Protein chains: 2
Amino acid sequence: MTNIQEIARLAGVSTTTVSRVINQHPYVNEAKRKEILKIIERLDYVPNSNAKSLKEGMTRIIGVLTGTYTTLSTSFIQAFNTSANKHGFNVMLFITNGDRQQELIALEMLRSKQLDALICLFRTNEWKVIESYTKYGPIVTWQRLVSDTIPSVFMDHYKGYTLGLEYLYAKGYRRIANVFSSKGLNTPERVRSYHDFADKYQLKANSFPDFHDKLTIYDGEEVARWWIGQNDRPDAIACSNDNVAAGLLTELRRAGFSAPGDVGILGFDNTELAHLLDLTTIHYPANKQAENAFYIILDMLGQPAPEVHTLEFELIERKST
Amino acid sequence: MTNIQEIARLAGVSTTTVSRVINQHPYVNEAKRKEILKIIERLDYVPNSNAKSLKEGMTRIIGVLTGTYTTLSTSFIQAFNTSANKHGFNVMLFITNGDRQQELIALEMLRSKQLDALICLFRTNEWKVIESYTKYGPIVTWQRLVSDTIPSVFMDHYKGYTLGLEYLYAKGYRRIANVFSSKGLNTPERVRSYHDFADKYQLKANSFPDFHDKLTIYDGEEVARWWIGQNDRPDAIACSNDNVAAGLLTELRRAGFSAPGDVGILGFDNTELAHLLDLTTIHYPANKQAENAFYIILDMLGQPAPEVHTLEFELIERKST
DNA sequence: TTGTATGCGTTATCAT
DNA sequence: ATGATAACGCATACAA
């Protein structure tokens with residue numbers, strides 16, 4: 001095992017000097033620095049991370065807790081990862097698949113100092129349980145949560161959904177059907193958004209049944225078949241996400257219909273799929289949220305952190321409306 | 001920061017005794033043990049992993065390197081994770097999305113002792129690069145690779161595919177079309193398998209074009225539309241995986257056809273989807289391979305390891321043939 | 001059955 | 001500009 005002492009011995013200097021070279025401290029003789037670097041190179045020496053972690057009191061590893069690896073979480077995770085790397089942190093991914101035990105493993109790693117912080121995209125254990133771990137290190141979430149100890153980079157979907165509905169209204173759509181996603185934290189906000197919207201414009205509410213728990217491409221196809229089967233069809237469909245909108249659009253096309261010719265389709269999230277299929281959608285800045293999450297963690301770790309971004313939903317007009 | 005010394009001080013014993021209690025060593029007075037445990041509980045003490053890692057020379061973390069998170073890799077990773085946990089190891093997941101740099105991060109963590117070993121489901125850098133890291137710790141792969149330094153838990157797809165073809169033949173199918181997956185390492189073996197099979201039974205080769213790069217449900221649907229459009233249809237289709245078979249089956253059904261009534265469909269992998277849709281398929285024991293991968297690593301780490309499983313493809317007959 | 005002393009590999013303080 | 005030395009928190013060889 002080649003360690004810093006061996007390098008020091010070979011270079012005829014003290015470990016301090018070697019450490020200085022490694023960590024780019026000033027005040028080290030240029031000739032010695034060159035020599036030391038050469039020996040490091042020759043022996044293929046790398047500082048032992050564990051020793052460093054022990055000494056520094058941190059591992060520079062941040063855990064990311066998620067349930068599944070979906071399109072949206074992917075872009076969040078990637079952006080988070082990029083930010084973290086830029087600041088010398090690495091990311092440890094935990095895909096729990098809803099397993100409480102798996103989630104606890106990550107939490108325990110925070111407790112035992114193997115992780116400096118945790119970002120929670122999804123949780124299985126009660127918030128109370130997760131909150132009880134905040135004393136061991138920063139925990140930040142992407143979910144809707146108001147907590148003193150767990151900051152959230154959540155965005156209010158009421159605003160985002162309203163943005164979409166107002167756009168549809170402006171385009172002349174009046175008979176709008178809603179496809180909602182799972183009974184999570186955002187759906188109630190979207191439901192409320194639609195109700196307020198319908199009130200505001202005196203639209204006949206409940207002319208169509210609300211869809212719920214629709215989130216996959218297949219769900220979108222199902223909605224398409226429903227639409228086809230109606231006598232009195234909606235003139236626009238606001239979808240829970242781009243997947244649903246994509247399934248809806250392609251299934252309608254298979255049946256010989258078109259959008260926006262026969263019906264307007266609005267996606268949500270602005271994923272690659274929306275781009276691919278030219279779906280009008282609401283841009284949900286997951287990557288910026290991820291950066292914010294990292295900045296918040298950085299700040300909580302007492303490190304200098306950039307200012308967080310202000311986040312805005314944005315309507316991306318394409319060709320499905 | 002509550003450490004082992006504080007516990008020792010409070011209990012009026014030495015750190016050695018506390019350490020013994022924590023690590024369940026014998027020879028410690030029962031009364032003291034109880035008392036120490038009580039104090040540990042009260043102070044909410046956890047041993048610092050970094051100190052332990054430094055002392056023991058290992059972190060008990062194994063990295064899993066993958067490109068994307070797909071159905072098949074999921075079952076591998078989960079099985080690997082379970083095995084690892086059972087032996088006191090944790091798993092750090094790296095989803096590279098084909099980014100060389102991301103892969104190097106994992107490799108470097110092995111070098112700097114943050115990882116005890118690496119399991120490589122997918123690689124982006126050249127094997128030569130990856131091989132150069134084997135001197136820092138065990139690296140095991142799931143891909144086809146013959147190497148002195150990187151053991152593989154790969155299974156020969158020639159055998160698996162032949163198993164399926166022979167089964168189709170026995171069931172009376174003579175006009176078999178092949179749907180292959182990406183130009184990876186297994187496809188050539190499958191192609192070879194079909195050629196040998198066709199030779200053996202004097203089947204007219206190339207009566208149908210081989211499909212390539214088909215691996216999603218959508219690809220399967222595309223194959224269905226092709227099949228429907230043919231005058232002279234194959235009587236069976238051997239699919240690259242269960243996804244394709246599923247897309248094929250459901251799209252045929254939408255068009256009013258059935259399997260095995262109109263055509264036999266054979267999947268591959270035996271995933272949940274095959275179960276769900278009653279697809280005849282080839283069981284590919286990814287979970288056993290994962291356990292083997294872990295056992296090999298355990299052995300390479302000089303720890304006592306169970307015997308590896310012998311792996312066999314298995315034909316799962318359901319209702320699509 | 002228990003304690004003392006040492007080392008794992010670093011970084012940082014304080015002299016020089 | 002450089003080096004001795006003391007931590008960081010733990011496990012263990014050895015002594016008692």
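Being a predicted model, the structure only gives us computed values, none of them experimental. We name chains A, B, ... by the order of the sequence lines, and we start the count at 1 in each one.
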*Determine to 10° how strongly the helix from C/dT1-D/dA16 to C/dT16-D/dA1 is bent, judged from the axes of its five-pair ends.*
40°
*Contact letters for nucleotides 8-16 of chain D, in which S counts primed atoms plus P, OP1 and OP2 and B counts the base, heavy atoms under 4.0 Å*: BBBBBB---
*Atom-to-atom span, CD of A/Glu35 to C1' of D/dA1 - whole angstrom*: 17 Å
_Rounded to whole Å, please give me the gap between OH in A/Tyr27 and C1' in C/dT13._
16 Å
*Would you say the side chain of A/Val64 lies within less than 4.5 Å of the side chain of A/Phe94, judging by non-hydrogen atoms?*
no
*Just by distance, with hydrogens left out, do B/Asn81 and A/Gln102 show a side-chain donor and acceptor under 3.5 Å apart?*
yes
*Check whether any side-chain heavy atom of A/Met155 sits under 4.5 Å from a side-chain heavy atom of A/Pro285, and report yes or no.*
yes
*May I ask you to test the B/Leu93-B/Ile95 pair for a side-chain heavy-atom distance under 4.5 Å?*
yes
*asked:* Are the side chains of B/Thr141 and B/Arg123 in contact, using a 4.5 Å heavy-atom criterion?
replied: no
*Close aromatic pair by centroid cut-off 6.0 Å: A/Phe154 and A/Trp142*: no
*Measure the shortest side-chain to side-chain distance between B/Ile62 and B/Ile119 over non-hydrogen atoms and say whether it is less than 4.5 angstrom.*
yes
*Establish, from distance only, whether the side-chain atoms of B/Glu131 and B/Ser147 form a donor-acceptor pair under 3.5 Å.*
yes
